[in-house]
Amino acid sequence: MNLLLINPNTTQRMTDALATAARAAAAPGTCITACQPSFGPASIEGFFDETIAAAGVAEQMRHAPAHDAVLIACFGDPGLDAAREATRAPVLGIAEAAFHAASFVSTGFSVVTTMTRTCVIAEHLLHKYGFERRCRGVHGTDIPVLALEHCDAQGQPLCLPQIEAAARAALAQDRSGAIVLGCAGMAGLCAALQVRLGVPVIDGVSAAVKLAEALVGLKLTTSAVGDYALPLPKPYAGWAQPLSW
Ligand code: 2AL
């Protein structure tokens, strides 16, 4: 199957890293194509960033290559509903995928994310998706998204001890049984954190890949009836003109 991964931010290094993480999770028959918007923020760390990034996701969906499933690889799931209107293939956001996966393996989970100001974005999603009773806390580390990739001379991510400490504190404070990583850029930390913490650690990128494969295997498509019907045809003005239906 062909899986289209959209990194909603415009940092090519991060798009490449997300493609690598997705390929590591994918089954042998899954082919991952990764892309990013032609405009927008280098990283998504607030509402303004997210609004522009959602338009970038819509742009990529408008010109999307053939695909069997789509993965939106930012923890705010920007543009998820718009993407579902634009294709009949299943579309997974990494936050929604991670919340589902964490709920299969724990009675309650904690989210550990990047900037504290983005906690409210995760909290809004938990309410929107109906997971507020499964999530016991959302915790910021104030690590900027693009600092997640900074490594020491041995190639070890510099942020790992800080994220491990935040996760340990969250597990104790929230009485939770699993950790959801609250940023796509944390995908490469997942395996090490799971060993160190001794609890399930969920990276939304790999969770979304596996859930996308399951949905495609079940021959489930995004419903063409009702809310997710194709956008109604109408002119779009200004820079959005090429995106009109
Ligand atoms: C994110 C993410 O996953 N990618 C990005 O640019 N910002 N979300 C986050 N909470 O840091």
Side-chain angles (χ1 to χ4, degrees), residues 4-22 25 34-60 70-80 83 91-102 109-129 131 135 137-150 157-160 162-163 166-167 170 179-190 193 201-209 211:
L4 178 66
L5 182 153
I6 303 176
N7 170 21
N9 77 40
T10 53
T11 298
Q12 183 68 55
R13 272 174 65 98
M14 191 157 163
T15 304
D16 296 343
L18 296 177
T20 301
C35 64
Q36 64 190 43
S38 68
F39 61 87
S43 62
I44 300 158
E45 299 176 318
F47 293 118
F48 201 96
D49 292 345
E50 191 175 59
T51 297
I52 306 298
V57 169
E59 177 213 32
Q60 291 304 300
V70 179
L71 196 164
I72 299 177
C74 170
F75 203 76
D77 293 352
L80 178 59
V91 183
L92 288 97
I94 65 166
E96 193 176 17
F99 299 155
H100 278 281
F109 59 85
S110 300
V111 178
V112 175
T113 188
T114 54
M115 306 304 287
T116 302
R117 65 181 290 171
T118 67
C119 289
V120 69
I121 294 176
E123 286 161 359
H124 286 172
L125 290 182
L126 288 159
H127 282 273
K128 176 180 170 185
Y129 300 147
F131 281 99
C135 179
V138 181
H139 305 263
T141 55
D142 288 322
I143 301 170
V145 171
L146 298 182
L148 290 169
E149 62 178 22
H150 296 167
L158 290 170
C159 60
L160 192 57
Q162 193 181 337
I163 294 173
I179 293 292
V180 165
L181 299 177
C183 180
M186 294 178 178
L189 310 174
C190 185
L193 284 168
V201 177
I202 295 99
D203 150 47
V205 177
S206 41
V209 169
L211 291 174

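When reading the values below, keep in mind they use all heavy atoms of this one structure, side chains included, and skip hydrogens, waters and symmetry mates. Bear in mind the structure is a predicted one, so any value in this text is a computation, not a measurement. For ligands, and for the atoms within them, numbers begin at 1 and follow the listed sequence.
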Quick check on contacts: which atoms of ligand 1 are under 4.0 angstrom from a heavy atom of [X]?
| X | result |
| --- | --- |
| T113 | 10 (N) |
| N9 | 5 (C), 6 (O) |
| M14 | 4 (N) |
| A184 | 2 (C), 3 (O) |
| S43 | 6 (O) |

Close side-chain approach of V57 and I72, heavy atoms under 4.5 Å: yes
Under a 4.5 Å cut-off applied to non-hydrogen side-chain atoms, are P157 and L189 in contact? yes
G185 near ligand 1, heavy-atom distance under 4.0 Å? no
If we only count N/O pairs under 3.5 Å, is [X] in contact with ligand 1?
| X | result |
| --- | --- |
| G182 | yes |
| I44 | yes |
| F75 | yes |

Quick one, H100 with Y129, criterion ring pair (Phe, Tyr, Trp, His ring centres under 6.0 Å). Give me CA distance, side-chain angles, the key distance, then yes/no. CA-CA 10 Å; H100 278 281; Y129 300 147; 7.8 Å; no
Strictly below 4.0 Å, N to O, side chains only: are R13 and E149 in salt-bridge contact? yes
Test side-chain hydrogen bond (donor to acceptor under 3.5 Å, both in side chains) applied to D142 and T116, T118, T113, the passing residue: T116
Using the side-chain hydrogen bond (donor to acceptor under 3.5 Å, both in side chains) definition, which of the options D16, N9, T10, T15 pairs with Q12? D16
Using the side chain to side chain donor-acceptor pair (under 3.5 Å) rule, take S38 and E59 through it: C-alpha gap first, then chi angles, then the decisive distance, then the call. CA-CA 8 Å; S38 68; E59 177 213 32; 2.4 Å; yes
If you have a sec, work out which protein heavy atom is nearest atom 11 (O) of ligand 1 and how many Å separate them, to one decimal? T114 OG1, 2.6 Å
